[in-house]
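The chains referred to below are lettered A, B, ... by the order of the sequence lines, with proteins before strands, and numbering in each begins at 1.
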Amino acid sequence: MLYRENGQFKTSYRADLAMFPVAQDRWAMLVLALVAFVVVPGVGSDYLFRAVLIPFLVLSLAALGLNVLVGYCGQISLGTGAFMAVGAYAAFNLQARIEGLPLPLVLLGGGLAATACGVLFGLPSLRIRGLYLAVATLAAQFFIDWFTNRVRWVTNDSSSGSVSVGALQLFGISLDAPVQRYLLCLSLVVLFAVLTRNLVRGAIGREWMAMRDMDVAAAVIGIRPVHAKLTAFAVSSFIVGVAGALWGFVHLGAWEPAAFGIDKSFQLLFMIIIGGLGSIAGAFFGAAFIVLLPLLLNHVPHWLGLPLSTATASHLEHMIFGALIVFFLIVEPHGLARLWSTARQKLRLWPFPH
Amino acid sequence: MAFFLETLIGGLMTGMLYALVALGFVLIFKASGVFNFAQGAMVLFAALAMARFSEWFPIWFGFDNLWLANGLALVASMACMVAVAWLVERWALRGLVNQPAITLLMATLGISYFLDGAGQLLFGSAAYKIDVGLPKDPMFVLEGTFPGGLLLNKEDLVSAVIAAMLVGVLTLFFQKTRTGRALRAVADDHQAAQSVGIALSRIWVIVWSVGGLVALVAGIIWGSKLGVQFSISLVALKAFPVVILGGLTSVPGAIVGGLIIGVGEKLSEIYLGPAIGGGIENWFAYVLALALLLVRPQGLFGDKIIDRV
């Protein structure tokens with residue numbers, strides 16, 4: 001009853017192509033946006049923003065970027081952490097070396113640097129693919145890890161190899177309070193989600209998906225593999241680079257190269273597997289899951305009165321992640337996003353199953 | 001000259017050990033088309049089991065004999081690896097038959113996380129040592145030819161011999177036994193093999209067991225050399241470029257790839273490292289493999305991939 005489309009007729013092409021064709025969806029999204037932009041900043045505590053919401057938003061953004069590459073274009077990448085690092089370090093250098101560069105340009109610069117890097121490491125994808133490409137992206141990961149560790153210029157000659165970001169300012173307002181940082185991340189995430197959603201349902205998105213489903217056949221019907229793959233790499237690493245810059249600037253504030261290690265790459269891959277490959281909502285579900293699970297594992301034993309050492313908790317976390325990944329791949333290869341869409345299908349017919 | 005030769009030999013020895021881990025990949029890939037990301041986790045798991053069992057058994061059963069402890073621990077660790085193989089087949093692979101290779105790769109990533117967590121939860125996460133009596137002292141050879149002779153590590157030499165023997169045994173197993181033939185048949189064509197009565201699930205358990213045993217050997221050798229701790233699972237990250245370089249489906253390729261990368265890494269670190277900042281061991285192997293892939297996408301000895309629409 002709640003989710004009935006009866007009587008909602010589309011009378012124009014415009015309505016047919018709308019992003020949310022069902023009125024209830026539109027309302028739900030509006031309410032969600034209202035809650036996120038108005039209610040949450042009013043009631044949330046600093047801890048909530050710092051430890052949960054900001055990491056969740058930034059990781060969703062990174063997962064969104066990775067999903068473009070892996071979920072939509074089918075090019076598996078194990079080097080996401082590296083592209084985040086490129087974004088973060090490029091943004092850091094821009095801020096440190098150019099006095100008074102506005103924050104949006106700094107983030108944009110981080111994204112563009114990551115794009116260049118992504119396209120460069122995406123070039124092998126024209127010749128090699130699948131498992132072999134996974135190893136090529138690992139090359140990016142290790143090379144950039146080494147690069148940010150060893151090349152002094154990257155860290156502005158800091159002695160310890162760690163860098164820290166100065167005060168953040170946006171249009172003259174300083175972004176010190178977690179709420180403001182949360183709002184900045186939220187706006188960017190919404191912007192990128194809408195852009196990506198429109199990209200993937202446009203011509204270029206269909207090229208990516210054709211490439212993913214069967215690249216040889218796609219080439220036969222006239223899709224240029226070079227163009228499709230490289231644009232996927234470019235768009236994906238741009239988003240990932242901006243996410244990396246946000247992760248460094250807004251979430252961490254100061255970081256060392258280990259912040260963007262191979263673990264981060266795996267973590268992001270897990271997010272899109274659990275959340276849903278090839279879906280925008282999947283990136284958010286996956287990020288929420290991966291951010292919340294460690295918190296739950298830390299808190300639940302306390303509530304139950306079972307003291308769990310940090311080491312045990314982290315081993316358990318590994319085991320649960322591992323088991324869940326296998327579980328999702330077997331039972332629901334399209335992840336949480338598919339569960340959500342199944343639920344929506346059922347709600348359409350509820351309370352009558354047929 | 002002597003220094004160069006020492007580096008070269010050191011590289012060859014390390015390369016042999018890389019080849020050993022890479023062998024585990026190739027075996028599993030050949031027989032099931034799964035790129036086993038969990039090989040590193042299996043090496044860690046096996047090494048942890050070996051280290052801890054050889055420590056626990058003397059306490060549990062109250063005896064004091066290094067050989068007996070190691071022997072029992074070896075048997076117990078082998079049993080563990082077979083159990084892991086069985087569980088992987090039962091709970092992961094069986095549900096993923098006929099899925100694309102990328103899905104299987106991601107599943108092995110999950111398995112690798114699970115094994116990392118489980119191994120450290122069961123056996124503890126500190127640093128342990130394995131002592132199977134490999135000789136530790138260095139030795140000098142060819143003292144007549146070079147002043148001071150060449151410094152050789154006996155431990156490396158023994159482990160290289162063990163690795164070579166393992167390769168020999170595996171080759172015989174694949175070529176001469178009935179099971180080996182079945183494994184090759186499955187590798188060639190799953191469906192055809194199934195239709196002539198080869199049980200896929202049995203083959204997978206066998207293949208993963210063999211992969212687990214190779215991981216155990218690699219784990220014991222690496223563990224007695226470097227100690228057993230989490231970082232040992234990172235050795236596997238070195239083995240990826242090795243298999244890529246050699247070609248995913250070729251056992252000799254794994255060996256040759258291992259040797260090339262072992263030698264290349266050592267030489268580049270010594271002769272190229274000072275010029276560009278050192279520590280290039282971490283990515284040299286990958287960049288080398290990547291460069292080769294651009295020229296020969298199937299690796300040195302791999303099967304050529306032919307696309308059909």
Contact origin within [X] toward chain B - heavy atom pairs under 4.5 Å:
X	value
A:Ile325	side chain
A:Leu277	side chain
A:Leu324	neither
A:Leu138	both
A:Leu78	side chain

Kindly assign one of parallel, tilted or perpendicular to the pair B:Tyr286 and A:Phe142, based on the angle between their ring planes and the thresholds 30° and 60°. parallel

Do B:Tyr113 and A:Phe270 have ring centres separated by under 6.0 Å? yes

Minimal non-hydrogen separation, A:Ala134 against B:Leu105, with atom names: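 Here A:Ala134 and B:Leu105 meet closest at CB-CD2, 4.3 Å.
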
Applying side chain to side chain donor-acceptor pair (under 3.5 Å), name anything that partners A:Arg338, two or more places apart in sequence or on another chain. none

By side chain to side chain donor-acceptor pair (under 3.5 Å) - contacts of B:Gln229 (at least two apart):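 For B:Gln229, no residue satisfies side chain to side chain donor-acceptor pair (under 3.5 Å) once neighbours in sequence are set aside.
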
Given heavy-atom pairs under 4.5 angstrom as the criterion, report whether the side chain, backbone, both or neither of [X] touches chain A.
X	value
B:Val295	backbone
B:Leu290	side chain
B:Phe230	neither
B:Ala289	neither
B:Leu237	side chain

Taking the side chain as C-beta and beyond, is there a heavy-atom pair between [X] and [Y] under 4.5 Å?
X	Y	answer
A:Phe266	B:Leu109	yes
A:Val326	B:Phe114	no
B:Met106	A:Ile76	yes

More than 12 foreign heavy atoms under 6.0 Å from [atom1] of [X]: is that the case here?
X	atom1	result
A:Phe289	CZ	yes
B:Trp91	CH2	no
B:Tyr128	OH	yes

Report the option among B:Leu121, B:Val287, B:Asp116 that has the most heavy-atom pairs separated by less than 4.5 Å from atoms of chain A.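 The answer is B:Leu121.
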
